[in-house]
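Comments concern the structure below.
Letters A, B, ... are given to chains in the order of the sequence lines, protein chains preceding strands, and every chain is numbered from 1.
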Amino acid sequence: MRYDHKKVEAKWQKIWEDKGVFHASEDTAKEKFYALIEFPYPSGQGLHVGHPRPYTALDTVARKRRLQGYNVLYPIGWDAFGLPTENYAIKNHIHPEIVTKQNIERFKKQIQSLGISFDWSREINTTDPDYYKWTQWIFLQLFKKGLAYKKEMNVNWCTSCKCVLANEEVVNGVCERCGSEVIHKVKSQWMLKITAYADRLINDLDLVNYPPRVKAQQKNWIGRSTGAEVDFTATTGDKLTVYTTRCDTLFGATYMVISPEHPLIEKWSDKLENIEEVRAYQIEASKKSDFERTEVAKDKTGIRLNGVEAINPVNNTKIPIFVSDYVLVSYGTGAIMAVPAHDTRDWEFAKKFNLPIIEVVKGGKDAQKEAFTDCASGILTNSGFLNGLSVEDAKAKMIEWLTEQGIGRAKVNYKLRDWVFSRQRYWGEPIPIVHCEKCGFVPIPESELPLKLPMVDSYEPTDTGESPLAKMTDWINTTCPCCGGKALRETDTMPQWAGSSWYFLRYMDPHNNEALASKEALEYWSPVDWYNGGMEHTTLHLLYSRFWHKFLYDLGVVPTPEPYAKRTSHGMILGENGEKMSKSRGNVVNPDDIVEEYGADTMRLYEMFIGDFEKAAPWSPSSIRGCRRFVERFWNLQNILVDGEKIRPELEGAFNKAIKKVGDDIENIKFNTAIAALMALINDVTAFGSINKKELGIFAILLNPFAPHITEEIFEICSLGDGIVAEQKWPEYDESKCVDETTEIAVQVNGKIKAKINVAVDAQQDEVFKLAKSDDNVAKAIDGMNIVKEIYVKGRIVNIVVKP
RNA sequence: GCUGGUGUGGUGGAAUAGGCAGACACAAGGGACUUAAAAUCCCUCGGACUAAUAAUCCGUACCGGUUCAAGUCCGGUCACCAGCACCA
């Protein structure tokens, strides 16, 4: 009686679809559970076996929640704007809309073959005008609140994609997508002021349940530091302001460094004796990309400004000013005070240029030999009115003094920069703004949304870096909504991150024409209860979408300050050789082949059994057979089925423990050990020789979230009751039955195991020791020795410590 | 370089709050069934010493420490993975 997975899986998938059993209901009386996976980008390659890992994991949770009586929302959609589609379209002269449609069809078919319980009635697509209408609407609100603005700036320019990239999209100096060189270019760009939310994006991490490493990464990315600004005065009389986190070390500042782009250089050009040399250095620095400039912590370069010096305000000492590219114009004030005794970079620079090094915090080694940076617990020295204070107190005192003198102030700085939001591409949401000579940038009226992408013949980006839309003169030329005069449409489009920054809201009410979702739906479904995704999205998508959500919260559109109550992340599935799966490495496994050969249930079980969910794991074609064997063994339980309406006493322990273990493990994303527990249970049952209807019913329900098809089939053919999805409840366990009456414990003498004895769980300590000592081996080991100590850890271990 | 993580049999991985290391699988070897193969079922499976599934010893990357007891805690070293890249 071999199990025919093809027949059974097709049968149940049809039943589920016909009955719409996975559609979330709007019954707000029921408790809701909203599970979310990162919606896929429908690429031309189709699915590989890595995709279903998170889908299956949250499907397991979603199915369990339904059995527990929740109203579950588990939706899916398509993050379909993006470069690969556009590039494919250019190459093959097919409209990206058509390519997208084909890719989605393929993805959908593949995902459906896995029996994931998505609510397909809520499927969304970011490239659908009914969807991006609201992406554009959110942009307009950002614009109206001054959070979207246009700025001339140095941008990262991918030489191959001919497109501006966000800092976050540049990896090691090359384009994250295509790996081509990235250079700098000045362009006018739309920016989103994410920095306005920096503090809240850090602080509100306290409200959510994210893994610690995700929180840490977001905090580091935002990079808040608390310090002070100090105004130095140059010998020219100009004010030169620096940012420092260590204002306590001001007495140790022996020189200053400004970035090559600092505006004072131009101002001082006629006073600088070596202006030619400085100019040459500026040119050198501008030629380098950020990558080259920061590539290695290599030799510090720099030029001393001759003719201008600065005055250290605490002791009125004249100190030299250098220009060096290790100081970044984009962070702080673009100028630093250098304290070589307590900063490694300053120390290296001082050594190279032979500058004085003054120790101002005691406790380190020789400041002339190495910088003493880890000095939080040190005591100030050589520092006038700060002498004898701790670093902490000295900071406070210095800020107080600077403020009094009017030459400094406390200041918070962030590494986070504003989000470059424009893309010079076709396949993205048009930015709903026009430019009028008279009125400037004017938003188009909300009634005109969606502003649809026009049909064009060619999607080739222009060599000048304008969007392909720039060639559409009919579309560009329009009238100003403000004055009625001539105006031009914005030709840039939005980045792919736009549509994915709010998609989880649309699922709550996907067909609404009046709002991005109704108030009622937002009230009921917010927040997402459990969001699973990849670690690679921690600093991009996760941060961007939290930012948008907070903005919508401020507008009163959404009811919660945070979008996701809980976040987990999955490890990648690697190729058989332990390398990342990719076409070029030739190690891609297509889930279609696995489903065909072993069935969706086996595929799902293996995806969850493959290893720790949070860690990467290599695909193993032979290990999957173990999961198929387990499926077959479960199927064959019907051969040893007997009648019975209660769990039999002999199996009570095994079943109660399994119910507890499987339930707990699913909640703790330990799917691999949940399945191991079910395998152990089948071993117990098989060894026992029979299973009754009640027991098989419980087994099937426990296994159902992992293997939904075969469990329904067993339920039906063995007449165990109405269908699992239709009628059954997640089983309860009896805590008292999870503990065995007697357990085997190990007996150690001086920490070495000498014997194993069976004792009652509630046995008295004295009894246990007596029993332990009656064992031959133990007796031999303690014979003639003095017992120093006896330890009994209930139900676990006995240790007898002896000395001669 | 900094930050975070990881390191356990031939392989993937278990091990709750410091308490029997190797659960559950895969692969391998042996056996049963079979004309044969597949499938299935049973047995063995970290290493050393062994006739032995008797006893003993070693063993969770490496070195040291705390403890009656360490894969787990502490200090140091090494390797790998991820993120960040001079952030003042």
### Task
Would you please enumerate the stems RNA chain B participates in, each stem being three or more consecutive Watson-Crick or G-U wobble pairs with both distances under 3.5 Å?
B:1-7 with B:78-84, B:10-12 with B:24-26, B:28-32 with B:40-44, B:46-48 with B:56-58, B:61-65 with B:73-77
Donor-acceptor contacts under 3.5 Å from residues 664-675 of chain A side chains, at least two apart:
{"unit_1": "A/Asp665", "atom_1": "OD2", "unit_2": "A/Lys661", "atom_2": "NZ", "d": "3.1"}
{"unit_1": "A/Asp665", "atom_1": "OD2", "unit_2": "A/Thr673", "atom_2": "OG1", "d": "2.9"}
{"unit_1": "A/Asp665", "atom_1": "OD2", "unit_2": "A/Ala674", "atom_2": "N", "d": "3.3"}
{"unit_1": "A/Glu667", "atom_1": "OE1", "unit_2": "A/Arg65", "atom_2": "NH2", "d": "2.9"}
{"unit_1": "A/Glu667", "atom_1": "OE2", "unit_2": "A/Lys64", "atom_2": "NZ", "d": "2.5"}
{"unit_1": "A/Glu667", "atom_1": "OE2", "unit_2": "A/Arg65", "atom_2": "NH1", "d": "2.8"}
{"unit_1": "A/Asn668", "atom_1": "ND2", "unit_2": "A/Asp664", "atom_2": "O", "d": "3.1"}
{"unit_1": "A/Thr673", "atom_1": "OG1", "unit_2": "A/Lys670", "atom_2": "O", "d": "3.1"}

### Task
Could you list the residues that satisfy salt bridge (Lys or Arg N to Asp or Glu O under 4.0 Å) with A/Arg345, not counting sequence neighbours?
A/Asp343
### salt bridge (Lys or Arg N to Asp or Glu O under 4.0 Å) partners of A/Asp775, counting only residues at least two apart
none
### Query
Between B/C87, B/A14, B/A55, which nucleotide gets closest to the side-chain atoms of A/Arg417?
B/C87
Could you list the protein-to-nucleotides 57-60 of chain B atom pairs, N/O on both sides, closer than 3.5 Å?
{"unit_1": "B/C58", "atom_1": "OP2", "unit_2": "A/Lys752", "atom_2": "NZ", "d": "3.3"}

### Message
So, using ring pair (Phe, Tyr, Trp, His ring centres under 6.0 Å) as the criterion, who are the partners of A/Phe699 when residues are at least two apart?
### Response
A/Phe634
### Message
Looking at every non-hydrogen atom in both residues, tell me the closest pair between A/Ile399 and A/Cys247 and how far apart they are.
### Response
CG1-SG, 3.8 Å
### Task
Check every atom of B/C20, B/A14, B/C87 against the side chain of A/Lys415 and return the nucleotide holding the closest atom.
B/C87
### Query
So among A/Val327, A/Val323, A/Asp325, A/Ile265, which one has a side-chain contact (heavy atoms from CB on, under 4.5 Å) with A/Ser259?
A/Val327
### Summary
Sequence neighbours excluded, the answer for salt bridge (Lys or Arg N to Asp or Glu O under 4.0 Å) partners of A/Lys615 is A/Asp612
### Query
A/Tyr210: what forms a ring pair (Phe, Tyr, Trp, His ring centres under 6.0 Å) with it, not counting sequence neighbours?
none
### Carboxylate-amine/guanidinium contact A/Glu735 A/Lys660, below 4.0 Å
yes
### Query
Restricting to pairs with a member in residues 601-611 of chain A, which pass side-chain hydrogen bond (donor to acceptor under 3.5 Å, both in side chains), not counting sequence neighbours?
A/Asp59-A/Arg604, A/Asp601-A/His709
## Note on the structure
Applying salt bridge (Lys or Arg N to Asp or Glu O under 4.0 Å) to A/Lys773 and not counting sequence neighbours gives A/Glu790
### Query
Could you run down nucleotides 22-32 of chain B 5' to 3' and tag each one B, S or - for protein heavy-atom contact under 4.0 Å?
-BBSSS-----
With the criterion being N/O to N/O and under 3.5 Å, what pairs connect the protein with nucleotides 65-73 of chain B, and how long is each?
{"unit_1": "B/C68", "atom_1": "O2'", "unit_2": "A/Asn799", "atom_2": "ND2", "d": "3.2"}
{"unit_1": "B/C68", "atom_1": "O2", "unit_2": "A/Asn799", "atom_2": "ND2", "d": "2.6"}

### Message
Can you see if the side chain of A/Ser225 gets near the phosphate of B/A88 - specifically, an N or O under 4.0 Å from OP1 or OP2?
### Response
yes
